[in-house]
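Here's the structure, in structure tokens; my notes come after.
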Amino acid sequence: MDEFILLNNFQIDANEIDWYKATKKAITPLIENGFVKVEYEEAIMENLKRAGSKFIISPYIILPHARPEQGVNKNAISVLLLKHSVYYENSREPIRLIVVLASTDSVSHLVMLKKVAEILNKENNVSDILESETIRELYEKFA
């Protein structure tokens with residue numbers, strides 16, 4: 001999993017922002033670090049406008065992504081922890097953790113999903129993640 005998880009792709013935001021800005025912020029490290037092209041961000045935003053709530057995997061957590069051919073250069077995830085919840089269109093579920101998946105193919109996508117699910121399914125791990133105070137602390141919950 002270490003190859004997908006890099007400290008530079010983790011962020012914490014204490015500001016009150018809307019879902020659109022939060023998602024763009026979550027994707028930004030992937031663009032800046034060359035894992036995806038800007039087109040990938042556009043594809044994710046279109047997916048979220050169309051079916052945002054379908055990417056919500058549990059209370060407080062959303063995993064937005066798009067297809068590999070829509071601009072993925074290299075496998076990676078980015079993680080944005082929000083101190084204030086956001087709400088996606090047509091959803092009443094509060095979101096505080098945005099985990100953006102960028103996978104180059106369907107096999108990588110499944111491997112990454114499995115690893116993220118293992119991390120999030122550990123007992124008390126989600127509450128520990130949501131209570132992270134520093135980027136390093138957040139990163140270590142995933143590494």
Margin query: Applying ring pair (Phe, Tyr, Trp, His ring centres under 6.0 Å) as the test, list every pair that has at least one member in residues 83-104; sequence neighbours left out.
Written below: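 Listed by first then second residue: W19-Y88.
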Notebook entry, point to check: If you measure from CD1 on I129 to CD1 on I119, what distance do you get to the nearest 0.5 Å?
Noted result: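 Rounded to the nearest 0.5 Å, the CD1-CD1 separation comes to 7.0 Å.
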Notebook entry, point to check: Rounded to the nearest 0.5 Å, what separation is found between the CG atom of L138 and the CG atom of D128?
Noted result: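 That separation rounds to 11.5 Å.
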Checklist line | Stepwise salt bridge (charged side-chain N to carboxylate O under 4.0 Å, His left out) test for E69 and R67 | finding: CA-CA 6 Å; E69 65 272 12; R67 304 230 7 108; 2.9 Å; yes
Margin query: Checking side chain to side chain contact (heavy atoms under 4.5 Å, CB included) between F35 and each of N8, I77, V72, L6, which is the one that passes?
Written below: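 Going through the options one by one, the only one that passes is L6.
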Could you tell me whether the side chain of [X] and the main chain of [Y] form a donor-acceptor pair under 3.5 Å?
| X | Y | answer |
| --- | --- | --- |
| T134 | E137 | yes |
| S91 | E93 | yes |
| N125 | L120 | no |
| S78 | N9 | no |

Item checked: side chain to side chain contact (heavy atoms under 4.5 Å, CB included) assessment of T23 paired with M45 -> CA-CA 8 Å; T23 305; M45 299 313 287; 3.6 Å; yes
Charged N-O contact under 4.0 Å between [X] and [Y]:
| X | Y | value |
| --- | --- | --- |
| K122 | E118 | no |
| K25 | D13 | yes |
| K37 | E42 | no |

Notebook entry, point to check: Checking salt bridge (charged side-chain N to carboxylate O under 4.0 Å, His left out) for the pair K83/E131: CA distance, chi angles, key distance, verdict?
Noted result: CA-CA 9 Å; K83 292 298 181 177; E131 293 172 10; over 6 Å; no
Notebook entry, point to check: Can the ring centres of F142 and F10 be said to be less than 6.0 Å apart?
Noted result: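 Yes, they do, as the ring centres are separated by less than 6.0 Å.
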Whether over 12 other heavy atoms sit under 6.0 Å from [X] [atom1]:
| X | atom1 | value |
| --- | --- | --- |
| K21 | NZ | no |
| Y60 | OH | no |
| R92 | CZ | no |

List the atom pairs, with distances to 0.1 Å, where a side-chain N or O of residues 95-107 and a protein N or O form a donor-acceptor pair under 3.5 Å, not counting sequence neighbours.
| unit_1 | atom_1 | unit_2 | atom_2 | d |
| --- | --- | --- | --- | --- |
| R96 | NE | L82 | O | 2.7 |
| R96 | NH2 | L82 | O | 3.3 |
| R96 | NH2 | L130 | O | 3.0 |
| S103 | OG | H109 | ND1 | 3.4 |
| T104 | OG1 | N75 | OD1 | 3.2 |
| D105 | OD1 | V107 | N | 3.1 |
| D105 | OD1 | S108 | N | 2.7 |
| D105 | OD1 | S108 | OG | 3.0 |

